[in-house]
Amino acid sequence: MAHRIAYLVSALNIQPHRILAVTFTNKAARELRERCERILGAPAGGLAVRTFHSFCAQLLRIDGALAGLQPNYSIYDDDDQERMVRRVLEEFEIDPKRFAPRAVLAAISDAKNQMIEARQYAAGPGSYFEEIVARVYRRYQELLLAANAVDFDDLLLVTHRLFESSPEVLEKYQARFKHLLIDEFQDTNALQFGLARMLAAGHHNICVVGDPNQSIYSWRHADPRNMLDFKRVYPNARTVTLDQNYRSTQTIIEAAAALISHNKGRLPNDLWTENDKGAPVVIGEAYDEEEEARLVVQEVERLVQDDQVPRSAMAAMYRVNAQSRALEVACNRHGIPYQLVGGLKFYERREIRDVLAYLRVVSNPADDVSLERVINVPARGISDRTVTALKNTAARHGLSMFEAIARRLDPEVGVAEAVNKRAMTALETFSATIQELVARSFDLAPTDLIDFVLDRTGYKRFIEQDEETREERWENILELRASAAPYDGADTHERLWDFLSNVSLVSDVDTMDGNASDALTLITLHQAKGLEYDAVFMLGLEEGLLPHSRSMEDPMQLEEERRLCYVGMTRARKRLYMLRSFKRGFRGGGLPTLPSRFLDELPRSHISGGRAQTRHDARRAEPFRDPASLRRAAATPLPASTGPRDTYTAGERVRHSVFGEGVVVSCTASHGDFELTVAFAGNGVKRLMQSYAKLEKVPRAG
């Protein structure tokens, strides 16, 4: 895509602002723009490189009034959406235990991605659940409209409807963009393909890049048939097969190709590479998930020490998030720095959500979900009973909660009758605070506005009173403030909306720290697509996990699981390890597992039958072995290792290569080793195994 864009600009004299390139993450969009500018040797001014959602978000900011949206509209994330659905269920007196908000939201999302709006959905519900969804869907959309807000699906659906109902808007964007390029096209859904076809209808210059073998997002409504049907929609389209792989070794490419060849619904694509043959794929078997994780961290350290592979060039990948627990324990125990992708995300931390909620209320006072989050944070005497009364009063009069507060003295609204005098005083103070923040948002840059919000609302004092976590929480807020700095400048209120919009559209991969201090990446296979590492460890190659148990009865889902395995394998540049456990605690209470069928589909000639021994592994049995041996149970527990004999006493000062200096809290014998609890200045308390921690004793002063 980068070379095609450069060719359009340099050879065909297409102005960059006439080109729209669409990717699926902000990270990929940044990288594509940077590559284009490197090839062109100059800034690509005006080149639009966006995700589908960010393109639609900006379009609705400009033209959304025709669809009933004001320019300062809010974008609700998953948590906001769930809060709103819970509010609707409560309003309708529907039991959320019987009709889970997540399940209702999933049904609404599925309808939107099929371009079925609330009134259409209500016209034909079949089951009782669908009848409930229809009622919730209709009210949910009414509340979104009242709050001047949209959810992620609405960004696409409202844009699509706007193009249909306002041809002049569509024609404006068709005239603007002469060339449309779409990356990862196998991950588009019907709605996204529809938007692409509308935009390209003006000039018929559309180029899509994708690989049906990497279509792994059906649960996000992605439809790989878009890729397969492209020639039917555009019969004059030219197909260019990109069959040379520049990333992986010949062995990894051929092993992955052998695996994916078992899928029937695919386009033939014989990959080849000029890279070296490389090391064989290593198959590993562990007794349980604890040993599986230990084998990974031991091999990671061997690669660091013997082959000088940076930890940041390695990743451990797994099918479900729950598998990260054993890896995190092993990394902490052995002093391995790591970054966890998809755990508690930065933007899901309480203090971050609170500050962002304040900013969203400042940008869009009609945003009831955000206002409800902060109306009593810090505590200001506005009880849950008062909030409920306020919501009910606002709903009866078709007002937002903030409008109801502003009109609290209006007898026609009746807020004064619904709440007590103390609450009225608190609401008055809160209203004055928000009004002051709104006024200052027009002359304060986003970073300065964050400072003003923290001070004026008392939130900074609120954080400082939390003695246990105040340092960590304050560092998170400072990180949020730093992320707002690029949006400082003129038109401060508009820049605030740009910042909030960008935050709403951030994905897990976008928040990865590419400059993490030599940390091992822990990531799910779904999140890993598009990334690459020198060494990849794939964990949980077991029936019921990969492939997942939900896919067993559905041939199409089973093929997607195979594609997911293929994606994981092709993330590896030089070394690939595929591991499974004889038993796994969180699935079936530790019952024996069966090796994944995908291991049997790998060519024997590309598999290591030898031992991937690490210097710290004291087992006599070989943990890494060929597929045939995976059928044998490794049921014997690990023998005690021959750990170090040097001991530490409480109070001794020690130094760690990553965590710095600390004080030993305790030292206890553990399976022939010593488990140390050490308090590190600035890095907290860590539990380390002495064999791997490589601690140095710090001599006492004097």
Side-chain angles (χ1 to χ4, degrees), residues 70 72-74 76 80 83-84 86-87 90-91 143-149 350-444 446 448-466 477 492-493 496-497 500:
Q70 298 304 309
N72 61 336
Y73 71 87
S74 298
Y76 281 180
D80 300 322
R83 281 169 175 260
M84 184 166 279
R86 285 187 181 277
R87 175 177 171 179
E90 180 183 312
E91 184 179 315
L143 291 175
L144 280 175
L145 184 62
N148 189 31
R350 177 185 170 187
E351 60 275 10
I352 300 303
R353 296 195 69 91
D354 287 346
V355 175
L356 288 174
Y358 270 115
L359 295 176
R360 285 165 61 174
V361 171
V362 170
S363 175
N364 174 21
D367 185 342
D368 280 0
V369 169
S370 296
L371 186 139
E372 186 177 350
R373 181 179 183 91
V374 297
I375 194 170
N376 199 44
V377 178
R380 50 176 61 91
I382 302 175
S383 66
D384 290 345
R385 179 179 296 179
T386 297
V387 172
T388 300
L390 186 63
K391 283 195 295 186
N392 293 339
T393 301
R396 282 197 302 271
H397 295 276
L399 302 173
S400 70
M401 290 174 65
F402 189 75
E403 288 175 318
I405 294 172
R407 296 177 58 181
R408 62 192 174 278
L409 300 178
D410 187 341
E412 291 186 7
V413 177
V415 173
E417 297 175 3
V419 303
N420 60 39
K421 289 184 178 181
R422 183 183 176 188
M424 281 289 287
T425 301
L427 290 174
E428 180 180 1
T429 303
F430 179 70
S431 176
T433 299
I434 297 300
Q435 289 177 10
E436 183 180 7
L437 295 177
V438 171
R440 295 304 305 273
S441 71
F442 288 93
D443 55 56
L444 288 178
D448 295 329
L449 181 62
I450 289 173
D451 293 339
F452 190 70
V453 166
L454 292 169
D455 180 64
R456 188 67 183 83
T457 63
Y459 198 83
K460 183 177 182 180
R461 292 191 301 276
F462 172 67
I463 292 293
E464 290 172 344
Q465 290 167 1
D466 185 352
I477 290 173
T492 54
H493 200 74
L496 174 62
W497 185 91
L500 293 173

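Listed here is the closest heavy atom pair of Asn72 and Asn364: O-CB, 3.2 Å. Considering every non-hydrogen atom in both Leu427 and Thr386, the closest pair reads CD1-CG2, 4.4 Å. In this structure, Ala146 and Ala366 approach most closely via the heavy-atom pair O-CB, 3.8 Å. Between Arg350 and Tyr459, the shortest heavy-atom distance links the atoms O-OH, 4.2 Å. Nearest heavy-atom pair across Ile382 and Ala426 is CG1-CB, 3.6 Å. Here the closest heavy-atom approach between residue Ser363 and residue Leu500 is recorded as CB-CD1, 3.8 Å.
Salt bridge annotation for Asp367-Arg360: present, with a cationic side-chain nitrogen under 4.0 angstrom from a carboxylate oxygen. Between Arg83 and Glu372 there is no salt bridge, since no side-chain nitrogen of the basic residue lies less than 4.0 Å from a carboxylate oxygen of the acidic one. Salt bridge annotation for Arg461-Asp466: absent, with no cationic side-chain nitrogen under 4.0 angstrom from a carboxylate oxygen.
The shortest side-chain heavy-atom distance between Val387 and Asn376 does not fall under the 4.5 Å cut-off.
Sparse packing is recorded around CG of Asp384, with 12 or fewer heavy atoms of other residues, nucleotides or ligands lying under 6.0 Å away. Counting heavy atoms of neighbouring residues, nucleotides and ligands inside a 6.0 Å radius, atom NZ of Lys391 exceeds 12 of them.
Every residue two or more places apart in sequence or in another chain that forms a side chain to side chain contact (heavy atoms under 4.5 Å, CB included) with Ala147 is listed here: Tyr76, Ala149.
In this structure, Glu351 CD and Leu454 CG are separated by 11.0 Å, a value rounded to the nearest 0.5 Å. Distance check, rounded to the nearest 0.5 Å: CG of Asp451 to CG of Leu444 gives 9.0 Å. Note that CZ of Arg373 is 4.5 Å distant from CG of Asp354, once rounded to the nearest 0.5 Å. Atom CG of Leu390 sits about 4.5 Å away from atom CE of Met401, to the nearest 0.5 Å. The OH atom of Tyr358 sits 12.5 Å away from atom CG of Leu449, with the distance rounded to the nearest 0.5 Å. Expressed to the nearest 0.5 Å, how far CZ of Arg380 lies from OG1 of Thr429 amounts to 9.0 Å.
Among residues at least two apart or in separate chains, salt bridge (charged side-chain N to carboxylate O under 4.0 Å, His left out) pairs with a member in residues 398-413 are Arg407-Asp410. For residues 401-442, every residue pair satisfying the ring-ring contact (aromatic ring centres under 6.0 Å, His included) rule, not counting sequence neighbours, is listed here: Phe442-His493.
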**Report entry** Trace of the side chain to side chain contact (heavy atoms under 4.5 Å, CB included) decision for Asp448 with Arg440
**Finding:** CA-CA 10 Å; Asp448 295 329; Arg440 295 304 305 273; over 6 Å; no

Report task. Output, in order, the C-alpha distance, side-chain angles, deciding distance and verdict of side chain to side chain contact (heavy atoms under 4.5 Å, CB included) for Lys460 and Asp455. Result -> CA-CA 6 Å; Lys460 183 177 182 180; Asp455 180 64; 5.9 Å; no

**Report entry** Worked verdict on Arg87 versus Leu143 for side chain to side chain contact (heavy atoms under 4.5 Å, CB included)
**Finding:** CA-CA 10 Å; Arg87 175 177 171 179; Leu143 291 175; 4.2 Å; yes

**Report entry** Working for side chain to side chain contact (heavy atoms under 4.5 Å, CB included), residues Ile450 and Val453
**Finding:** CA-CA 5 Å; Ile450 289 173; Val453 166; 5.7 Å; no

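Without hydrogens or angle criteria, Ser441 side chain to Val438 main chain gives a donor-acceptor distance under 3.5 Å.
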